[in-house]
Amino acid sequence: MAPPRSFLWSRRVFLTLLAGFVLVPVYVMVSSSLKPLADVTGRFRWLPSELTVRPYIDIWSTVPLARYFVNSVIVAGAATACSVVIAVFAAYAVSRHEFRGKRVFTVTVLSTQMLPGILFLLPLFLIYVNIGNATGIALFGSRGGLILTYLTFSLPFSIWMLIGYFDSVPRDLDEAALVDGCGPLGALFRIVVPAAIPGIVAVAVYAFMTAWGEVLFASVMTNDTTRTLAVGLQGYSTLYDVYWNQIMAASLVVSVPVVAGFLLMQRYLVAGLTAGAVK
């Protein structure tokens, strides 16, 4: 039975409004990034009177954007890799083995997501400073300290999500691998991990996006040499002027890796989130 015409028209109107709500800010960003600064700071015009690519050239010299970009790639990439590796082992142990306190461990891991991150800012700052004073290991103001910080954000959700995904993989596959001569690690890497690729990709995307766009801890735990993109974009706002066209251009440039990665991994991400949510 075909839906009524009123429903079809209502759906079209709603989707059109929704598309406009999403695309209009993108158009403003793109058009503003192609305007001279005088046009951006003046009265807004939907059609630019002059187009220029100069803001995309100046963004690299106004602030050390390339260095911030490298810092973000290193920090987000390392945090993602560590989060995925640790989460795979932890989730496999919880999913496949029975031990005392298993339920308490699972609930405790998930309950850490209930607390706002700002509560951990001062304790982590003091811990890093004291470790540096006692051992000489520079965690405060370093990439390593920021990577450890982001692990505290992504690991709990990653472990919980992979537990649900590993539970959906039949245990008969593990037993068949053990019969064929594989050990527990062999069964994990040869059987379970290939079957859980969508869930692992979903965890990796979540961990990367969490580290890529984080601002609060990056603004406190970094210095001029280890600053990431999320904080470095503030450099386009000076005491005397705000380079709005360069801010828009830089925002578009730094969003390219995340958008491209999401589009490439979208199929695995949706499958992983769905399978991890329903056992």
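Keep in mind that the numbers below use all heavy atoms, side chains included, and drop hydrogens, waters and symmetry copies.
Side-chain contact between Phe69 and Thr228: absent, with no pair of heavy atoms (C-beta onward) separated by less than 4.5 Å. The shortest side-chain heavy-atom distance between Trp212 and Leu229 falls under the 4.5 Å cut-off. Looking at heavy atoms from C-beta onward, Tyr56 lies in side-chain contact with Leu34 at the 4.5 angstrom threshold. Contact of the Glu214 side chain with the Thr149 side chain is not registered, since no non-hydrogen atoms from C-beta on lie closer than 4.5 Å. Within the 4.5 Å cutoff, the side chain of Val88 has heavy atoms near those of the Leu188 side chain. Residues Trp244 and Asp39 are not in side-chain contact: their nearest non-hydrogen atoms beyond the backbone lie 4.5 Å or more apart. Counting heavy atoms from C-beta outward, Thr106 and Ile159 have side chains that stay 4.5 Å or more apart. For the pair Ser10/Phe14, no side-chain contact is recorded, criterion being any heavy-atom separation below 4.5 Å from C-beta on.
Pairing each heavy atom of Leu151 with each of Cys82, the nearest pair is CD2-CB, 3.8 Å.
Residue-environment remark: CZ (Arg190) stays at or below the threshold of 12 foreign heavy atoms within 6.0 Å. Within 6.0 Å of CE on Met209 lie no more than 12 heavy atoms contributed by other residues, nucleotides or ligands. Applying the 6.0 Å contact sphere to CZ of Arg100 captures no more than 12 heavy atoms from other residues, nucleotides or ligands. Counting heavy-atom neighbours within 6.0 Å of Leu18 CG, excluding the residue itself, gives a total above 12.
At distances below 3.5 Å, at least one donor-acceptor pair connects side-chain atoms of Ser31 with backbone N or O atoms of Tyr27. Ser154 contributes no side-chain N or O that, together with a main-chain N or O of Ala207, makes up a donor-acceptor pair within less than 3.5 Å. A donor-acceptor pair is defined here as one N or O able to donate and one able to accept, closer than 3.5 Å; such a pair exists between the side chain of Ser255 and the backbone of Leu252. For the pair Ser32 (side chain) and Val40 (backbone), a donor-acceptor distance under 3.5 Å is absent.
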Walk me through whether Leu233 and Ile247 qualify under side chain to side chain contact (heavy atoms under 4.5 Å, CB included). CA-CA 7 Å; Leu233 292 179; Ile247 292 177; 5.9 Å; no
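Ser61 and Asp58 form no side-chain donor-acceptor contact under 3.5 Å, judged by distance and modelled atom types alone. If you check the side chains of Arg143 and Asn71, you find a donor sitting under 3.5 Å from an acceptor. Between the side chains of Thr210 and Tyr150, no donor-acceptor pair of N or O atoms lies under 3.5 Å.
Between atom CD1 of residue Ile147 and atom OG1 of residue Thr152 there is a gap of 12.5 Å, rounded to the nearest 0.5 Å. Atoms OG1 and NZ, from Thr52 and Lys35 in turn, are 13.0 Å apart once rounded to the nearest 0.5 Å.
When each of Phe140, Phe217, Phe120 is paired with Phe125, the side chain to side chain contact (heavy atoms under 4.5 Å, CB included) condition holds for Phe140 and for no other.
Using cut-offs of 30° and 60° for the angle between ring planes, the Tyr92 and Phe166 rings count as perpendicular.
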